[in-house]
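The block underneath contains the structure these notes are about, expressed in structure tokens.
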Amino acid sequence: MIRKPLVFPGNAPLTRALAAEVVQTASNFEARVMIQRAQKIVNAKSMLGLLSLGAEDQANMVLIAEGADEAEAADAVLAVLK
């Protein structure tokens, strides 16, 4: 399992366009890709899940990847968010 701190570009809130790009990227991998904010964990392959984070305040957000291609999945999603 990989856990990496997560920050959206320019510390801006998560937009629908960015969420769609994250979902599309995460969906290319078999690994489970999740984003945790406080006690809430959502599937990064779910647009509704991502938008439900209300990620205006990005403090303590973590990307979690678990599975055969977890390293590649984590790197790809983090690359989208740079």
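It should be emphasised that the depicted structure is a prediction, and the values quoted were computed from it without experimental measurement.
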Problem - Distance-minimising heavy-atom pair for Gln24 and Asn28 - result: O-ND2, 3.3 Å
Practice task
Just grab all the salt bridge (charged side-chain N to carboxylate O under 4.0 Å, His left out) pairs involving residues 15-33, residues at least two apart or on different chains.
Solution key: Arg32-Glu66
Practice task
State plainly whether one hydrophobic cluster holds both Ile64 and Met61, where clusters connect Ile, Leu, Val, Met, Phe, Trp and Tyr through side-chain heavy atoms under 4.5 angstrom apart.
Solution key: no
Handout entry: side-chain contact (heavy atoms from CB on, under 4.5 Å) between Ile2 and Leu63, worked out
Key = CA-CA 8 Å; Ile2 294 176; Leu63 175 72; over 6 Å; no
Practice task
Name all residues meeting the side chain to side chain donor-acceptor pair (under 3.5 Å) criterion together with Asp75; count only those two or more places apart in sequence or in a different chain, and write none if there are none.
Solution key: Lys4
Completion exercise
Between Leu14 and Ala19 the two heavy atoms that sit nearest each other are CD1-N, 3.8 Å
For residues 38-45, dump all side-chain donor-acceptor pairs below 3.5 Å to protein atoms at least two apart in sequence or in another chain.
residue: Lys40; atom: NZ; partner: Ser52; partner atom: O; Å: 3.1
residue: Lys40; atom: NZ; partner: Ser52; partner atom: OG; Å: 3.2
residue: Asn43; atom: OD1; partner: Lys45; partner atom: N; Å: 2.8
residue: Lys45; atom: NZ; partner: Phe29; partner atom: O; Å: 2.8
residue: Lys45; atom: NZ; partner: Ala31; partner atom: O; Å: 2.9

Practice task
Answer yes if Val33 and Val23 sit in the same cluster of Ile, Leu, Val, Met, Phe, Trp and Tyr residues linked by side chain heavy atoms under 4.5 Å apart, and no otherwise.
Solution key: yes
Exercise for the section: Work out which heavy atom in Leu50 is nearest to a heavy atom in Ile35; give both atom names and the distance. Expected result: CD2-CD1, 3.5 Å
Fill in the blank from the handout: Closest non-hydrogen contact found for Pro5 with Leu78 is O-CD2, 4.1 Å
Exercise for the section: Tell me who clusters with Leu48, hydrophobic residues only, linked when side chains sit under 4.5 Å apart either directly or through other members. Expected result: none
Handout entry: Met34-Leu6 co-clustered via ILVMFWY side chain contacts under 4.5 Å
Key = no
